[in-house]
2 protein chains.
Amino acid sequence: MLENLDKIKIEDPVEIIISQIRELIISGAVKPGEKLPPERKLAEKMGVSRNQVREAINKLRFYGIVKVQPQSGTIVTGMGTIALEGLISDILKLEQVDFKSLVATRLLLEKEAARLAALHRTKDDLIQLSNALDRYENKLLESGVAVEEDLLFHIKIAEAGKNTVLKSLMMIITPDIVKSYINLKVCDDKNNRKTIDEHRDILSMIADQNPEGAMEAMNQHLTDVQAFIQ
Amino acid sequence: MLENLDKIKIEDPVEIIISQIRELIISGAVKPGEKLPPERKLAEKMGVSRNQVREAINKLRFYGIVKVQPQSGTIVTGMGTIALEGLISDILKLEQVDFKSLVATRLLLEKEAARLAALHRTKDDLIQLSNALDRYENKLLESGVAVEEDLLFHIKIAEAGKNTVLKSLMMIITPDIVKSYINLKVCDDKNNRKTIDEHRDILSMIADQNPEGAMEAMNQHLTDVQAFIQ
DNA sequence: AAACTATATTTGGTTGACCAATTATTGGTT
DNA sequence: AACCAATAATTGGTCAACCAAATATAGTTT
């Protein structure tokens, strides 16, 4: 009998507050550049504590939707409406990502990162990459699993490419990659040898300053991983 | 005489706290899966208020580095160390992005988005894109500036591509694009006609389901914008 | 001794009051 | 009337005390 009852979705108060503020902005009541009502007023109007309003504003600030000026007010930034369009309810933070999109996007970013690394790597970058690769191999042979070290190597590649934005984006999706990989148990002993070789291939292409080769090596590596998962 | 004095970089307390917690994690004192010391202890040890520790933990939670369990404790997630490597001091949030990296990365994402849109667009997507384009043109001809509407059109393209992660990433860098464009005054009357035509080209390629053409049209469009800036 | 229950402690969350910087208002001076 | 300085009100930031849930501890029973 009890299993007929639907689970009640308890909604986080701050999410409700966010959507209320969102309404204020997209309805045009508060236009970009203007100030939001003060925290106290918002709290009073909505009948909640000021701290909760505060936390909601914090989140909005995090996404760059508003900008707070201490002792003055919080102004909504110009582009706010764009981000808000997507904020409908999926609290951003690329939650609930579908795996296909994730790996496809990763492939795109990683290939470019490898290409750029081949073009712009310095001697110091090569040392860093080599060290990261060593750490990866040691950890893998030792404990059989080295997801983090693996991805750290990839991050180092992005660093060598000298494109800060690309690196940031890779770091943003990395947590989700890790999560997916752990869930799907990517790591398998018989694959270790192969992935190590592939990593070395990538590094050598970068060392040779061969952008197309690096891109292709990365492509090979990731499609291998991809194939293994499916 | 006074201009000889260096500006003192006043560091935000919570950033210091973050780096301290970061030290705890990467030093291995608190391993992934384990609990962080309670907020009160951290506050006492560092000689700061609990609220500041609290805010630091909030930020770490945003980045997915820790996960708080109310009335129990805050555990560090497995992938935390990776993100922390890059968190050294540049407060993430792709602050202080260099413009070159930004436009280069945008080009990469937008081209792929256009390609995917040509492959996967539905009839409804075409309607949405057409509407977005209309809004852009109207706003541009009316007020002479339509940065937001411009980017909203691009976001719609990403949506039509059906790759959620790619869209999220585009939404992440969009605010910085807007900021840069406004600062550099991209919009200019004599360019309006051209950009409108280019937008229409992109849309028609997507409508024709021509992925290579869409990619090339997008490439053309963005390199034009890029050239105008420099 | 083991298992369970009741109590005490610890933990993150919440609240209301206070602080300093900013902004608005007021009164006076030129 | 215009400008300016002094004061009052407002605002986001900070803090210490309190709350309820989760956990650890002690006590009791079997």
*Rounded to the nearest angstrom, tell me the gap between atom CZ in B:Arg61 and atom C1' in C:dG12.*
10 Å
*Closest approach of A:Leu133 and A:His199, non-hydrogen atoms and distance?*
CD1-CB, 3.5 Å
*Does B:Arg54 have a side-chain nitrogen or oxygen under 4.0 Å from the phosphate oxygens OP1 or OP2 of C:dG13?*
yes
*So, is B:Ser49 near the phosphate of D:dC15, with a side-chain N or O under 4.0 Å from OP1 or OP2?*
yes
*asked:* Rounded to whole Å, please give me the gap between CZ in A:Arg40 and C1' in C:dT23.
replied: 14 Å
*Flag the pair B:Glu15 and B:Lys59 as a salt bridge only when some basic side-chain nitrogen lies within less than 4.0 angstrom of an acidic carboxylate oxygen.*
yes
*Thinking salt bridges, do A:Arg135 and A:Glu149 make one under a 4.0 Å N-O criterion?*
no
*In whole angstroms, how far is the P atom of D:dG13 from the CD atom of B:Gln52?*
12 Å
_Using OP1 and OP2 only, check whether a side-chain N or O of A:Ser72 sits under 4.0 Å from C:dT23._
yes
_B:Ile75 CD1 to C:dG12 P, straight-line distance once rounded to whole Å_ = 12 Å
*What is the distance from atom NZ of A:Lys162 to atom CG of A:Leu116, rounded to the nearest 0.5 Å?*
10.0 Å
*Assess whether atom CD of B:Glu34 is packed by more than 12 heavy atoms of other residues, nucleotides or ligands within 6.0 Å.*
yes
*Distance, rounded to the nearest Å, where A:Glu39 contributes CD and C:dT14 contributes C1'*: 15 Å
*asked:* Pick the closest DNA chain C nucleotide for A:Glu55 and for A:Gln69 by heavy atoms, then say which residue is nearer the 5' end.
replied: A:Glu55
_Looking at C:dG16, I'd like to know if its phosphate oxygens (OP1 or OP2) sit under 4.0 Å from a side-chain N or O belonging to A:Arg50._
no
*asked:* Which is more 5' along DNA chain D, the nucleotide nearest B:Lys35 or the one nearest B:Asn51? Just name the residue.
replied: B:Asn51
*Whole Å only: how far is the CD atom of A:Gln71 from the P atom of C:dT22?*
7 Å
*A:Ile21 has an atom CD1; how far is it from atom P of D:dG12, in whole Å?*
11 Å
*For B:Asn58 and C:dG12, what is the distance between atoms CG and P respectively, to the nearest whole Å?*
12 Å
